[in-house]
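Atoms within a ligand are numbered from 1 in the order they appear, just like the ligands themselves. Quantities reported herein were computed from a predicted structural model and do not represent experimental measurements.
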Amino acid sequence: MSDAPSLSDLIDLQIRANGPISLATYMGLALTHPRAGYYTGTDPLGAKGDFITAPEISQMFGEFIGFYIVNLWQQLGEPKSFTLLELGPGRGTLMQDALRVAAKAEGFIDALHLQLFETNPALKAQQAERLGQFNPYWATEIDAVAEDPLFVVANEFFDALPIRQFVKGTNGWHERLIGLRDGKRAFGLSPTPIPEAALPPALHDSPEGAVYEVSLASADAMQRLGKRISELGGGLLAIDYGYAETQAGETLQAIRRHAFADPLETPGEIDLSAHVDFGALATVATGLGLKPALTTQRDFLARLGIVERASALAKANPAQVDTIAAALRRLTDVSEMGTLFKVFAATSGELEPIGFA
Ligand SMILES: C[S@@+](CC[C@H](N)C(=O)[O-])C[C@H]1O[C@@H](n2cnc3c(N)ncnc32)[C@H](O)[C@@H]1O
């Protein structure tokens, strides 16, 4: 047994020493603390883990991402050298499926520099096993890329980045903080109000008690990658649960073994996430001269031909008909991932991303 203090104890010590911490600081420690963070510990993915993601549901998902990237590469005139960067690649399943399809485009694999951005050592090992043949490179800085066209893919990455929350009071907005009450972690509000004018216009005139969430980490990632894309040419594709326009609403959630949990209990052992504000990402992208586009996962996959692909797969694998139908439903039905999940693209100059209206 290690004598190192638990993550809970470390967080409480910090609060006792320096006062309440922001939700972003708490999430950062709970998710990516180098020794005890949720994403630095074991593999949280899959049916036996805390959640299951689209590429783990069906190979079709990654295949369409591969098809999408090849199309952008072709629109750019098939550059002889380019970077494909995946943020938070999980088990490497999406990229494995994508590159199996992309390899059919002549010259694509020869021109490919595969780069992965990942914090979890256990998942890095799985990525190495699945993608080793493509000689991936794990950068420690999100935007440390070569001077080549850049394509970025991120499935369920942005929802894992920390958010701050602000609650509307009688005379302004107050940041929600985490402190100790009777020795237990509890939410409270900063006594110092932030004037409403400092918040995006969409929040003005919200009713008292309204909650505004902002992810500075997501905006920073978009800014750094978007700057490289606008300099080098290419695009970013992010798929996640989220909303189209900046708005009030509380979306922080904690999941443990497929069930909701208390976000303040057992940090490091639960998945904490929040819906992605795609409006905020679009604002950053537009400011860099990129073209943003947004659609639902259902429409994106339908436009790329998932219904036809599912029936072709079912024909070729009669024993799998039910599994394939279930996967199609899970990915596209409005009661499942179909409309909750959005697909966001930010592309350079003249590129026309496929799958959007
Ligand atoms: C919800 S999982 C999604 C995995 C994969 N994209 C999929 O769809 O199956 C989030 C991924 O992002 C990684 N991750 C989370 N926070 C990160 C961070 N701050 N820096 C780098 N990787 C991170 C996790 O380890 C994991 O690989």
If we only count heavy atoms from C-beta on, is the Leu123 to Arg91 side-chain gap below 4.5 Å?
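SC-SC contact between Leu123 and Arg91 confirmed.
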Check whether any side-chain heavy atom of Leu76 lies under 4.5 Å from a side-chain heavy atom of Phe151, and answer yes or no.
yes
Please work out whether any backbone atom (N, CA, C, O) or any side-chain heavy atom from C-beta onward of Asn155 is under 4.0 Å from ligand 1, and answer side chain, backbone, both or neither.
both
Which ligand 1 atoms are under 4.0 Å away from a heavy-atom of [X]?
| X | result |
| --- | --- |
| Gly90 | 4 (C), 5 (C), 27 (O) |
| Pro55 | 7 (C), 8 (O), 9 (O) |
| Phe117 | 20 (N), 21 (C), 22 (N) |
| Asn120 | 25 (O) |

Should Leu123 be listed as contacting ligand 1, given a heavy-atom distance under 4.0 Å as the test?
yes
So between [options], whose heavy atom ends up nearest [atom]?
| atom | options | result |
| --- | --- | --- |
| atom 16 (N) of ligand 1 | Trp138, Tyr39, Phe61 | Tyr39 |
| atom 17 (C) of ligand 1 | Asp271, Asp240, Val153, Thr119 | Thr119 |
| atom 26 (C) of ligand 1 | Glu56, Gln127, Glu118 | Glu118 |

Is there a nitrogen or oxygen of Gly88 sitting under 3.5 Å from a nitrogen or oxygen of ligand 1?
yes
If we only count N/O pairs under 3.5 Å, is Thr53 in contact with ligand 1?
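In this structure, Thr53 places an N or O atom under 3.5 Å from an N or O of ligand 1.
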Taking atom 2 (S) of ligand 1 as the reference point, the nearest protein heavy atom with its distance:
Glu156 O, 3.8 Å
Between [X] and [Y], is there a side-chain N and carboxylate O pair less than 4.0 Å apart?
| X | Y | value |
| --- | --- | --- |
| Arg329 | Glu336 | no |
| Arg224 | Asp220 | yes |
| Glu147 | Arg228 | yes |

Nearest heavy atoms of Gly349 and Lys291, plus distance in Å:
O-NZ, 3.7 Å
Return yes if a side-chain donor-acceptor contact under 3.5 Å exists between Glu175 and Gln165, otherwise no.
no
Angle class for the Trp73/Phe82 ring planes (parallel below 30°, perpendicular above 60°, tilted otherwise)?
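The arrangement is tilted - the two ring planes meet at 30° to 60°.
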